Amino acid sequence: MKCALVTGGSRGIGKAICLRLVEEGYYILVNYRSNVDEAEKTLAEIRSREGQGELLPFDVADKEQVRLRLGGWIEANPSRYIEVLVNNAGIKADALMVWMDDEQWSSVIRTSLDAFFHVTRLVLNSMLLRRYGRIVNVVSLSGQKGVAGQTNYSAAKGGVIGATKALAQEVGRHGITVNAVAPGFITTDMTAELNEKEMRLMIPVRRFGLPEEVAHAVAFLASPQAAYITAEILSVNGGLYS
Ligand code: NDP
């Protein structure tokens, strides 16, 4: 059975990606860190759409948990393999750099950049053996442009953009593509405190994006038909930055 792992798949953009990949017939591994209720709701929605999947909680920022939980799942399920990996889990901890503490810096780097390394390395092995895989990293406009108050987040996402391009060159000949989707402002819990009415004026399409619009871009890059697209960063930002 073909599987897709979506990190941070329980809420927001990750949830929309899970529901979109169900339409492509994937068995969905819904990763999350702590909010069991939301994760269970997402799994129930997957099932209500005649899809299949399971919850796979672990903290992507904790390499031991990744090794034990994700590595354990891979070992326990030799007949299944993760054909699509979406590195989506992310947090922000904004502050001007002069006020930023060590934990604000390292928690954001661990959750996006270190997690990309620890999760992808584990999943890559079986993709290489089967000579097929789709890896899509959810980055951000912040990692492309740099945003004041987000040196940690811009560094983390910018790092993943560099890693996307590098890994794509390593594994392209093995049938594996590695791409990223870079959202602008998307309506989720992460942007709940932002004033869309004011901020929309600086966005050419005059609104925040929907999680489903990011999910559509991810599903495109994850499709077998996107085999000749790799090392690409696809912006989903309403024209805010290119
Ligand atoms: P949300 O805050 O709405 O959801 C975050 C999801 O990630 C939840 O499922 C959460 O699980 C999970 N998560 C957070 N930390 C961890 C962790 N350490 N281990 C495992 N799971 C974790 O975020 P969004 O949907 O808005 O963002 C998704 C991605 O898109 C992020 O990478 C974000 O940086 C990026 N992005 C978002 C934008 C936006 O405007 N919303 C813009 C650009 C990029 P739990 O509920 O258990 O904590």
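Excluded from the calculations below are hydrogen atoms, water molecules and symmetry mates; all remaining heavy atoms, backbone and side chain alike, are included. One-based numbering, in listed order, for ligands and for the atoms of each. Computed from a prediction, not measured in an experiment: that's the story for all the values here.
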* How far is atom 19 (N) of ligand 1 from its nearest protein heavy atom, and which residue and atom name does that atom have? -> V60 N, 3.0 Å
* Asked: Are R207 and E213 close enough for a salt bridge, meaning some N to O gap below 4.0 Å?
  -> yes
* Asked: If you measure from atom 28 (C) of ligand 1 to every heavy atom of V138, N88, V214, which option wins on shortest distance?
  -> N88
* Asked: Nearest heavy atom to atom 14 (C) of ligand 1: which of I91, N35, D37, N87 does it belong to?
  -> I91
* Asked: Would a distance-only check, ignoring hydrogens and angles, find a side-chain to backbone donor-acceptor pair under 3.5 Å from R69 to L56?
  -> no
* Any idea which protein heavy atom is nearest atom 9 (O) of ligand 1, and the distance to it? -> S10 OG, 2.7 Å
* Asked: Which atoms of ligand 1 have any heavy atom of T191 under 4.0 Å away?
  -> 39 (C), 40 (O), 41 (N)
* Note: E45-R49 ion pair, threshold 4.0 Å (strictly below) -> yes
* Expected output: side-chain Q144 to main-chain A182 donor-acceptor under 3.5 Å -> no
* **L122 and H118, any side-chain heavy atoms less than 4.5 Å apart** => no
* **Pairs flagged by ring-ring contact (aromatic ring centres under 6.0 Å, His included) wherever residues 57-109 is involved - sequence neighbours left out** => none
* Structure fact -> heavy-atom search around atom 33 (C) of ligand 1 in the protein gives Y153 OH, 3.4 Å
* Looking only at heavy atoms, which two atoms of A222 and V84 are closest? And how far apart? -> CB-CG1, 4.0 Å
* Asked: When you look for heavy atoms under 4.0 Å from ligand 1, do you find them on the side chain of N31, its backbone, both, or neither?
  -> side chain
* Structure fact -> Nearest non-hydrogen contact to atom 13 (N) of ligand 1 from the set G209, A89, S34 belongs to A89
* To do: Note the single closest protein heavy atom to atom 44 (C) of ligand 1, along with its residue, its atom name and the distance in Å.
  => V139 O, 3.1 Å
* Indicate yes or no for a side-chain donor-acceptor contact from N152 to the backbone of Q104 under 3.5 Å, with no hydrogens or angles considered. => yes
* Of the protein's non-hydrogen atoms, which lies at the shortest distance from atom 40 (O) of ligand 1, and what is that distance? -> I186 N, 2.8 Å
* Asked: Any sub-3.5 Å donor-acceptor pair from S154's side-chain atoms to V147's backbone N or O?
  -> yes
* Asked: Nearest to atom 26 (O) of ligand 1, what protein heavy atom do you find, and at what distance?
  -> T188 OG1, 2.5 Å
* To do: Answer with yes or no whether the side chains of N87 and T120 bring together a donor and an acceptor at under 3.5 Å.
  => yes
* Under 4.0 Å, heavy atoms only, figure out whether ligand 1 is touched by the backbone of I13, its side chain, both or neither. => both
* Structure fact -> Within the 4.0 Å heavy-atom cut-off, what F185 brings close to ligand 1 is backbone
* **Closest approach of any protein heavy atom to atom 2 (O) of ligand 1, naming residue and atom** => R11 NH1, 3.6 Å
Atom pairs and distances, donor-acceptor, side-chain atoms in residues 123-131, under 3.5 Å, two or more places apart:
unit_1, atom_1, unit_2, atom_2, d
S126, OG, V123, O, 3.3
R131, NH1, H174, ND1, 3.3
R131, NH2, R173, O, 3.1

* **Which segment of F208 sits under 4.0 Å of ligand 1 when only heavy atoms are counted** => neither
* Asked: Distance-only, no hydrogens or angles: does the T164 side chain make a donor-acceptor pair with backbone N or O of N179 under 3.5 Å?
  -> no
* At the 4.0 Å heavy-atom cut-off, does G184 count as touching ligand 1? -> yes
* Asked: F58 heavy atoms, cut-off 4.0 Å: which ligand 1 atoms fall inside?
  -> 19 (N), 20 (C)
* State if T7 counts as touching ligand 1 under the rule of any non-hydrogen atom under 4.0 Å. => no
* What are the atoms of ligand 1, with element, lying closer than 4.0 Å to any heavy atom of D59? -> 17 (C), 18 (N), 19 (N)
* Give the contacting part of K92 toward ligand 1: side chain, backbone, both or neither, where contact means a heavy-atom distance below 4.0 Å. => neither
* Asked: Side chains of D114 and K63: does their closest heavy-atom pair fall under 4.5 Å?
  -> no
* **Min heavy-atom dist R110 to ligand 1 below 4.0 Å** => no
* To do: Just jot down the ligand 1 atoms closer than 4.0 angstrom to any heavy atom of G12, in number order.
  => 3 (O), 25 (O)
* Can you sort out which atoms of ligand 1 are near G8, meaning under 4.0 Å from one of its heavy atoms? => 6 (C), 7 (O), 9 (O), 12 (C)
* **Donor-acceptor contact present, side-chain T111 to main-chain G90, <3.5 Å** => no
* **D189 neighbourhood, listing ligand 1 atoms whose heavy-atom distance to it stays under 4.0 Å** => 3 (O)
